[in-house]
Amino acid sequence: MKLVRIGLALLFVCINGFNLYAQQKKNQKSDAFRILQLLAQEDYKTVIEESTKFILANPANFSGYFWRAEAYDKLGDIHNSKIDLYSVINLRPDFTNAYTNLGYIYQKSEQHDSALFCYENALKYGEFDTDEEKSYLYYNKALVHLEMKNPTIAYQDLKTANEYLPNDPYILYQLGLLEIDNGNYKLARSHFLTVQLKRPDQIEARLNIAICKYNLEDYDGAFKDVNTYLSVSSDKGYAYFLKAKLYDHYYLDDEKALEYYTLSIEFGYNYSYLNRAMKYMELDDFNAAESDLLNWKQYNSFNPIIWMMLTSIYIETERLETANSYFEELVNSYSHSQDTLVEMYLLKVELLFENGFDNEAIKDLHFINELYPNDTKVLNKIIHIMYLNGEYDLVIDKVSDLIDLEPDNHDLIVYRARVYSRINNYVASEKDYSRVIELQPSLSEYYFSRGLIRLKLKKRKEACSDFNKAASMGNIDAQYALNDECR
């Protein structure tokens, strides 16, 4: 009988314990429903209060931390939101939404590496109800990579996002921008057209369609689209810039081009200073061009194009000391490759010659030649100047130096052959043409040229053989020479 009473007591305890557990579960569900209602009503302060009570009553349940984190985030309390989300992860390490929300917080605060870590964990642990959720994660990952200047990775993430959620306008818009950067204007245009169909209010897509059409040389279409854009949004500097470029390069209306470059600047697109300066230089308005370049220099002082254009203006306006000062600053302020430095010096040399500063030009040319004695572009320029000045022996020496560096360069050997012919050294010229024919036996012009040299050397038989060979290869001049000299 005693054992029966003990058994009944234990049963009573178990039943009461079960009833208590069931009641606790019922209370949890009721509390959860109420908190979710408060979230839907955007009553975030009450959500925080109720979630805190929920956490105290159910410390092992991650939901209370998650709701409270969302409320903190909505109220702008990022710090406490992060703390609660980490509490969620400690209780439930594979909870996707916690990683997603935490990643978004890090993304907003530009903590890119942390954002990527959270998004990647969300993808790792994620059990997604829809493909849209997975697409959202790849889309946000792509945005982070774009902020980190990783367009290649961003592109792959956007492609993946598009596979999970095809033709989403937000994804396609970002893909379109990257396709423009990659020069894939047809594909970019297709993306933006889809964006416009899905979201007619996305007027920026219309501007990007105009950009694509401009680069695809559909100038009338671009003009129409940019006007459509400006009829809705008239405060976008880039739109005026694009319209200015159409007037500048397609419609060839200088007055309209300047008008729209000016509007572009007024609406904050400062890059137009550079293009307007170029237009002023075309019109020989060097004072206006200088003013624009100096304005542009305030926004982009590390652009070598500005310094080179200012140097050009100061040479054109005979302010040589100022030109040299700017050019020297350009050379010393940047880390230039040999090719870039040579190109800059040769451009300056050309400008100096064009404006009558021959001594200065030759001085600069010799300086860059001393700096890079084997640079072929510099040597070719020196050779050209020597040739124009009739310094044929010096030309031959310089060309011979280049041939030593490039013994199979037939263009150099032909050049020397012609200079030898100019100074009546026909033996050396014949030798050079013979070497060229060894290197390029299929070019008829070299047989014809050697034939002419051999006539000078009284080698009529050999000359006629060369003319015959060149004529058989279709050279008309050689056929005439064959008829005149070899009957």
Side-chain angles (χ1 to χ4, degrees), residues 96-97 99-218 221-222 225-226 229 233 236-239 241-242 245 269 271 300 302-303:
T96 302
N97 289 345
Y99 286 111
T100 301
N101 290 4
L102 193 56
Y104 189 58
I105 288 171
Y106 280 126
Q107 183 178 349
K108 286 192 294 185
S109 57
E110 299 184 0
Q111 294 174 267
H112 300 130
D113 290 330
S114 297
L116 287 176
F117 174 80
C118 291
Y119 288 143
E120 284 161 4
N121 273 294
L123 288 165
K124 176 182 176 182
Y125 295 118
E127 294 181 4
F128 302 100
D129 295 328
T130 64
D131 284 343
E132 184 176 356
E133 294 175 17
K134 204 164 188 177
S135 175
Y136 169 81
L137 281 168
Y138 278 107
Y139 174 74
N140 276 294
K141 265 187 71 190
L143 294 182
V144 174
H145 279 300
L146 286 173
E147 289 164 9
M148 296 174 72
K149 312 298 183 189
N150 296 329
T152 303
I153 302 173
Y155 183 78
Q156 292 305 319
D157 280 341
L158 287 168
K159 295 280 281 185
T160 305
N162 191 50
E163 288 171 9
Y164 285 110
L165 190 64
N167 295 327
D168 176 81
Y170 296 96
I171 296 168
L172 287 182
Y173 187 84
Q174 294 298 329
L175 273 173
L177 293 177
L178 287 175
E179 295 295 3
I180 285 178
D181 290 342
N182 294 331
N184 299 324
Y185 300 111
K186 286 185 179 179
L187 185 54
R189 181 181 59 185
S190 173
H191 288 332
F192 290 125
L193 285 169
T194 303
V195 172
Q196 279 268 280
L197 287 172
K198 295 274 186 176
R199 287 190 59 202
D201 62 317
Q202 195 2 325
I203 190 64
E204 295 298 321
R206 178 59 55 188
L207 179 58
N208 283 296
I209 291 168
I211 293 168
C212 294
K213 287 181 178 179
Y214 177 87
N215 285 285
L216 292 168
E217 299 182 5
D218 178 7
D225 282 335
V226 78
Y229 176 86
S233 178
K236 183 85 170 187
Y238 186 83
F241 171 74
L242 183 57
K245 286 184 71 176
Y269 193 71
Y271 193 86
N300 195 345
F302 298 105
N303 189 332

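- Counting heavy atoms from C-beta on, the side chains of Y119 and Y104 come closer than 4.5 Å.
- Ring orientation note: the planes of Y138 and Y164 are close to parallel, at an angle under 30° on the 30°/60° scale.
- One N or O on the side chain of D168 and one on the backbone of I171 form a donor-acceptor pair closer than 3.5 Å.
- The number of heavy atoms from other shown groups lying within 6.0 Å of NZ (K236) does not exceed 12.
- Remark: E204 CD to Q196 CD distance equals 10.0 Å, nearest 0.5 Å.
- Rounding to the nearest 0.5 angstrom, the gap separating the CG atom in N208 from the CZ atom in F192 is 4.0 Å.
- Under a 3.5 Å cut-off, the side chain of N150 and the backbone N or O of L146 do not form any donor-acceptor pair.
- Taking CG of N167 as the start and NE2 of H191 as the end, the distance is 9.0 Å to the nearest 0.5 Å.
- Closest of all the heavy-atom pairs between A239 and V226 is O-CG2, 3.4 Å.
- If you take CD1 on I180 and CG on L187, they are separated by 10.5 Å, rounding to the nearest 0.5 Å.
- Side-chain contact between L178 and L158: present, with at least one pair of heavy atoms (C-beta onward) separated by less than 4.5 Å.
- Take Y99 and apply the ring pair (Phe, Tyr, Trp, His ring centres under 6.0 Å) test, not counting sequence neighbours, and it matches Y125.
- Within the 4.5 Å cutoff, side-chain heavy atoms of F241 are placed close to those of K245.
- A donor-acceptor pair is defined here as one N or O able to donate and one able to accept, closer than 3.5 Å; such a pair exists between the side chain of N215 and the backbone of I211.
- Looking only at distances, a side-chain donor or acceptor of T160 sits under 3.5 Å from a matching main-chain atom of Q156.
- A distance-only check finds a donor-acceptor pair linking the side chain of D218 to the backbone of G221 [under 3.5 Å].
- Between the side chain of N140 and the backbone N or O of Y136 there is at least one donor-acceptor pair closer than 3.5 Å.
- The two residues A188 and C212 have their closest heavy-atom pair at CB-SG, 3.6 Å.
- For the pair H145 and L116, the minimum side-chain heavy-atom distance is below 4.5 Å.
- Here the straight-line distance linking atom CG of L165 with atom CD of E132 works out to 5.5 Å at 0.5 Å rounding.
- In this structure, Y173 has its ring center no closer than 6.0 Å to that of Y170.
- For D157, the salt bridge (charged side-chain N to carboxylate O under 4.0 Å, His left out) partners at least two apart in sequence or on another chain are K141.
- Using a 4.5 Å heavy-atom cutoff, the side chains of K213 and L216 are not in contact.
- In this structure, CG on D113 lies 11.0 Å from SG on C118, to the nearest 0.5 angstrom.
- Checking side-chain atoms of T100 against main-chain N and O of T96 turns up a donor-acceptor pair under 3.5 Å.
- Surrounding NZ of K108 are more than 12 heavy atoms belonging to other residues, nucleotides or ligands, all under 6.0 Å away.
- For the salt bridge (charged side-chain N to carboxylate O under 4.0 Å, His left out) test, residues two or more places apart in sequence or in another chain that qualify with D201 are R199.
- Side-chain contact annotation: H112 with E147, donor-acceptor N/O pair under 3.5 Å present.
- Contact of the F117 side chain with the N121 side chain is registered, since non-hydrogen atoms from C-beta on lie closer than 4.5 Å.
- When every heavy atom of S135 is checked against every heavy atom of A161, the shortest pair comes out as OG-O, 2.9 Å.
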